[in-house]
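So the structure is just underneath, and the comments pick up after that.
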Amino acid sequence: MTSPCPEPSVWPRLVDRQLSEDDARTLRAHARDCARCQAELGGTEALVARIAAPLEPAAPPDEAVARVLRRVRAGPPERRVRPIRFRPWMGGAAAALAAGLALFVLRPTPTPLPGETTWTARGAGPVEATLARSVGITFHTPGSGAAPLASGAVVPAESGFGVRYRNLDTQAPVYLLAFAQDARGEVHWLYPAHLREDANEPSVRLEPSAEARAMEEVVVLEEPASGPLRLVSVVTRAPLGVQDIESLPPEARTPEALRRRWPEATVETVSIVLARTGAGP
């Protein structure tokens, strides 16, 4: 007699090796005798196999580049971001904060970068492992097309930045914060837009997508400093706000500190170099 069918949510945990050996053996034995559960397990294994592959463009490279360039030329989808600057009345504490951020930007990131490795769980926690396996974020420019920006890439300071994502999680909501920090330590928000100092715009919800999907806007940073630039993405289950990042001291904004603060989050970074037109690396 076949045992009762388990809840559908158990199959991702089985494939992700989050169950004991006894439970896994029992579930697989049940699936061998149950056509419905065998289909559920097979579908889940197929999704995980797709995630193991590097992020592929949703369209041929030439077409993807042309689409991004059309968005840049069109005008309205392009968004110029003015960083929130420190006001004179903020005094010495603000100056110290800016100095700390500058030091933070210049430190090399020790974490793997999107495009260089497949998406894998960074921790042992089951929530983090599932999120990291389900969602991937990459940054690109009109010049790079659909190809992810690589660490150390030299990018014109006037170039726009786009974000591509893949979200295989159809059961729970997923949210994104994406920002850049330039050589002066100024924070430039990509998603969500942050144009008023007193605002706390919420993180952007990512719709499920089995294929790589580009965010609608190409964001042009306003007057970024030339030199090192760090692009950061924070993916969470619950929505955050820009002030959750803005309110942190500089030592709490490192990728490692962000992961400690939100252990369920997936934090990805890539460090590049901004160069003025005609300037060398």
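- Between Pro255 and the choices Arg260, Arg230, Glu268, the side chain to side chain contact (heavy atoms under 4.5 Å, CB included) rule is met once, by Arg230.
- Applying the salt bridge (Lys or Arg N to Asp or Glu O under 4.0 Å) criterion to Arg205, with sequence neighbours excluded, gives no partner residue.
- In plain terms, the two heavy atoms of Pro239 and Ser203 that are nearest each other are CA-OG, 3.4 Å.
- Counting heavy atoms from C-beta on, the side chains of Leu14 and Thr44 never come closer than 4.5 Å.
- In this structure, Thr266 and Val135 have side chains that are not in contact, with every pair of non-hydrogen atoms separated by 4.5 Å or more.
- Leu206 has its side chain within reach of Ile137: a pair of non-hydrogen atoms, C-beta onward, lies under 4.5 Å apart.
- Under a 3.5 Å cut-off, the side chain of Arg259 and the backbone N or O of Val267 do form a donor-acceptor pair.
- Of the inter-residue distances, the one linking Trp189 atom CH2 with Ile245 atom CD1 reads 5.0 Å to the nearest 0.5 angstrom.
- Checked against side-chain contact (heavy atoms from CB on, under 4.5 Å), Ala238 has no partners two or more places apart in sequence or in another chain.
- Here the straight-line distance linking atom CD of Glu246 with atom CG of Asp244 works out to 10.5 Å at 0.5 Å rounding.
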Next item on the list: Verify side-chain contact (heavy atoms from CB on, under 4.5 Å) between Arg237 and Asp169, making sure each step is shown before the conclusion.
Entry: CA-CA 11 Å; Arg237 292 291 188 192; Asp169 194 330; 2.4 Å; yes
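- Here CG of Leu19 is found 10.0 Å from OG1 of Thr26. Values are rounded to the nearest 0.5 Å.
- With sequence neighbours excluded, the residues that form a side-chain contact (heavy atoms from CB on, under 4.5 Å) with Ser159 are Thr141, Pro142, Val155, Pro156.
- Contacts of Ala39 classified as side-chain contact (heavy atoms from CB on, under 4.5 Å), with partners at least two apart in sequence or in another chain: none.
- Side-chain atoms of Phe161 and Met215, non-hydrogen and from C-beta on, never get closer than 4.5 Å to each other.
- Once rounded to the nearest 0.5 Å, the distance linking CG of Leu27 with CG of Leu41 reads 8.5 Å.
- Residues Val154 and Ala275 come closest through the heavy atom pair CG1-CB, 3.8 Å.
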Item checked: Worked check of side-chain contact (heavy atoms from CB on, under 4.5 Å) between Trp262 and Leu240 -> CA-CA 10 Å; Trp262 294 295; Leu240 300 175; 3.8 Å; yes
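- Among all heavy-atom pairs drawn from Val204 and Tyr191, the shortest one is CG2-CB, 4.0 Å.
- The minimum heavy-atom distance between Ser209 and Arg166, with the atom names listed, is O-CG, 3.4 Å.
- The distance from atom CD of Glu223 to atom CZ of Arg184, rounded to the nearest 0.5 Å, is 7.5 Å.
- The aromatic rings of Trp11 and His30 sit parallel to each other, their planes meeting at less than 30°, with 60° as the upper class boundary.
- Between Val242 and Val187, every side-chain heavy-atom pair lies at or beyond the 4.5 Å cut-off.
- In this structure, Glu207 and Asn167 have side chains that are not in contact, with every pair of non-hydrogen atoms separated by 4.5 Å or more.
- When all heavy atoms of Asn200 and Gln243 are compared, the pair lying nearest together is OD1-N, 2.8 Å.
- Hydrophobic clustering (side-chain heavy atoms under 4.5 Å, transitive across Ile, Leu, Val, Met, Phe, Trp, Tyr) keeps Tyr175 apart from Leu177.
- Annotation: side-chain hydrogen bond (donor to acceptor under 3.5 Å, both in side chains) contacts of Ser226 (sequence neighbours excluded): Arg276.
- Under the salt bridge (Lys or Arg N to Asp or Glu O under 4.0 Å) criterion, Arg28 pairs with Glu45, not counting sequence neighbours.
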Next item on the list: I would like to know whether Phe139 and Ile272 meet side-chain contact (heavy atoms from CB on, under 4.5 Å); could you show each step before the answer?
Entry: CA-CA 11 Å; Phe139 297 93; Ile272 63 173; over 6 Å; no
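- Note that CZ of Phe179 is 12.0 Å distant from NE2 of His194, once rounded to the nearest 0.5 Å.
- Side-chain contact between Asp182 and His188 is present, with heavy atoms from C-beta onward closer than 4.5 Å.
- Residues Pro8 and Glu40 share a closest heavy-atom pair of CB-OE1, 4.4 Å.
- At a threshold of 4.5 Å between non-hydrogen side-chain atoms, the residues Ser233 and Val163 do not count as touching.
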